[in-house]
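A short worksheet on the structure shown next.
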Amino acid sequence: MSRSYSSSSPISLRAKSPHRFEPAAAAEAPPLLATSTAEPRYSICLAESPGTPCALCLESTGAGPVGYRDEDPICDRCLLDHCVELGMVIALVSLTREYGALEPESEEEWRAALAELGAFARIYERFALRSGPRRRILRLDDLTSGPVH
């Protein structure tokens, strides 16, 4: 599937594959940028238009923090498929929210939920270690001692 992208520059880019862009034919001037080897840039930003269709698969992108491929919002699954490091961050946010909304009815349900959260934390740590050492933004003690500013 080929998708055209418009921009404010005279260069129009067209997706040939999910990972490469090539300059569109320009009638007036040669391309100003060498885009044939440019890889898309993935990021996470707050959704500007919640629920926008994913630029890659047309699924809803949701609200709050969502993945972006260059300037286009993409769904959580596509972010995970194309940029596993950022996809894992979104997965961590999702799992943490699920845990926070959980209202278990028994000690066994609490333990199962905590075990799932812990298992994902270990998996996430394996992925994150590839990018560098852990950073301490908050310590667990900070979360239990009062409000965070």
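Small disclaimer: the values here were computed from a predicted structure and weren't measured. What's counted below: heavy atoms across the whole structure, side chains too, no hydrogens, waters or symmetry copies.
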Approximate separation, where rounding is to 0.5 Å, of [X] [atom1] and [Y] [atom2]:
| X | Y | atom1 | atom2 | answer |
| --- | --- | --- | --- | --- |
| His82 | Ile74 | NE2 | CD1 | 6.5 Å |
| Leu114 | Tyr99 | CG | OH | 4.5 Å |
| Leu86 | Arg69 | CG | CZ | 13.5 Å |
| Met88 | Ser131 | CE | OG | 11.0 Å |
| Arg77 | Glu59 | CZ | CD | 11.5 Å |
| Asp81 | Asp76 | CG | CG | 11.0 Å |

Residue Glu109 excluded, over 12 heavy atoms near CD under 6.0 Å: yes
Heavy atoms of other groups near Glu125 CD, more than 12 under 6.0 Å: yes
Residue pair Leu56 / Asp72, side-chain heavy-atom distance below 4.5 Å: no
Hphob cluster co-occupancy, Ile90 + Leu80, side-chain heavy atoms under 4.5 angstrom: yes
Side-chain donor/acceptor of Thr61 to backbone N/O of Pro73, under 3.5 Å: no
Short side-chain to backbone donor-acceptor contact, Asp70 and Arg41, under 3.5 Å: yes
Cationic N near anionic O, under 4.0 Å, Glu85 to Arg130: no
